[in-house]
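Beneath this line is the structure, given in structure tokens, with notes to follow.
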Amino acid sequence: MQGEGSRPLVMGVLNVTPDSFSDGGAHATLELALSHAEQMIADGVDIIDIGGESTRPGSAPVSPAQEMDRVMPVLYALRDCGKPLSVDTRRPSVMREAIAAGADMINDIEGFRDPASLAAVSDAECALCIMHMQGEPGTMQSDPTYVDVVAEVGDFLAARAVAAREAGIASQRLCIDPGFGFGKTLDHNLALLRELDTLQDRLQLPLLAGLSRKTMVGKLTGKPIEQRMAGSVAAALVAVKHGARIVRVHDVAETVDALKVWTAAA
Ligand code: HH2
């Protein structure tokens, strides 16, 4: 899971949604989505993560049909772009369609908890990202509660990795993600960020971290979403320092530059 040299991989976010928390509507047509993808490729992205449903706190689910209408044309259009394509979905029917269309990775914020999701991906060869979320996007930030957030997130990810293996999925296909901001307070997010290595040591799977522009960065910097780029780059570097192999980001060029400097000197 390494990029050029020993650089960690940069996953660029391509939200084909009208309502994503930081870039809602910005890439919502096929034309806008493709031009953003082209820019990310020019900026050095390693993986493009295509999403058709906003799962920001308070969001309402969209139907699988609507999600497919948003995601599939972009996936088909980018199929030969030369970069691995990930599809960010929690719907088994969308997973199946995406895999049939050649998706290289399925990124499930529900961690393949739905047995139908595990069944949808088990016979494929694509990579899988198992993410932790407490609750549902609509209500997850109302009162996130843990006794020991690092242990509990680790327990969930370990159990999901076991379920994946029991479904016949090779470990080489898996990566894990603590799900920053998904049913977590600032203190929970900071504890997870500081202890990413603990999760990595326990699970022995590549770690993906998505901190880009999130509320956590806003709380720490006091900045609105459109001014969180520097804070997000810092968060990505901290995640890498603690073992993240993939960082999921909106600001690809800045993150790639920061990681080049970081890896040259680290
Ligand atoms: N964060 C978001 C969406 N998908 N997937 C993984 N694996 N890890 C994350 O941290 C993660 C994710 C939320 O960010 P974004 O896609 O920009 O927002 P929205 O859900 O509003 O579309």
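Remember, it's 1-based here, ligands and their atoms both numbered in the order they're listed.
- The neighbour count for Q204 CD, taken as heavy atoms of other residues, nucleotides or ligands under 6.0 Å away, is above 12.
- The contact set between ligand 1 and R56, taken as ligand atoms under 4.0 Å from a residue heavy atom, comprises 20 (O), 21 (O).
- Residue, atom and distance of the protein heavy atom nearest to atom 18 (O) of ligand 1 are F21 CD2, 3.2 Å.
- Contact annotation for M131 and ligand 1: only side-chain heavy atoms (C-beta onward) come within less than 4.0 Å of the ligand.
- Within the 4.0 Å heavy-atom criterion, both parts of T55, backbone and side chain, lie near ligand 1.
- Note on ring orientation: taking the six-membered ring where Trp is involved, the planes of H132 and Y146 are tilted (angle from 30° to 60°).
- Between R202 and D155, at least one side-chain nitrogen of the basic residue sits less than 4.0 Å from a carboxylate oxygen of the acidic one, meeting the salt-bridge criterion.
- For ligand 1, the atoms lying closer than 4.0 Å to a non-hydrogen atom of S20 are 19 (P), 21 (O), 22 (O).
- A salt bridge does not link R91 to E97: none of the charged nitrogens lies less than 4.0 Å from a carboxylate oxygen.
- For ligand 1 and S54, the ligand atoms under 4.0 Å from any heavy atom of the residue are 19 (P), 20 (O), 21 (O), 22 (O).
- Checked against salt bridge (Lys or Arg N to Asp or Glu O under 4.0 Å), D49 has the following partners two or more places apart in sequence or in another chain: R248.
- Near H250, the atoms of ligand 1 lying under 4.0 angstrom from a non-hydrogen atom of the residue are 17 (O).
- Distances between N or O atoms of C129 and those of ligand 1 include no value under 3.5 Å.
- Not one N or O of D19 is nearer than 3.5 Å to an N or O of ligand 1, by distance alone.
- Side-chain atoms of S117 and E110 include no donor-acceptor pair closer than 3.5 Å.
- In the displayed structure, E125 atom CD is contacted under 6.0 Å by at most 12 heavy atoms of other residues, nucleotides or ligands.
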Run the side chain to side chain contact (heavy atoms under 4.5 Å, CB included) test on R113 and M133 for me, step by step, so that the C-alpha distance in whole Å, both residues' side-chain angles and the decisive distance to 0.1 Å come before the verdict.
CA-CA 10 Å; R113 265 179 280 172; M133 167 170 64; 3.7 Å; yes
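- Closest heavy-atom approach to atom 6 (C) of ligand 1 within the set D49, L211, D177: this belongs to D177.
- The N/O atoms of D23, backbone and side chain alike, include none that comes under 3.5 Å of an N/O atom in ligand 1.
- Residue contacts with ligand 1 include N107, since one of its heavy atoms falls under 4.0 Å from the ligand.
- Against a heavy-atom cut-off of under 4.0 Å, G210 is close to the following atoms of ligand 1: 10 (O).
- In this structure, the separation between SG on C126 and CD1 on I99 is 4.0 Å, given to the nearest 0.5 Å.
- Atom CG of D148 is surrounded by more than 12 heavy atoms from other residues, nucleotides or ligands within 6.0 Å.
- In terms of polar-atom proximity, T17 is not counted as a contact of ligand 1, lacking any N or O under 3.5 Å from an N or O of the ligand.
- Ligand 1 lies out of reach of G51, whose nearest heavy atom is not under 4.0 Å from it.
- With a heavy-atom cut-off of 4.0 Å, R213 does not touch ligand 1 at all.
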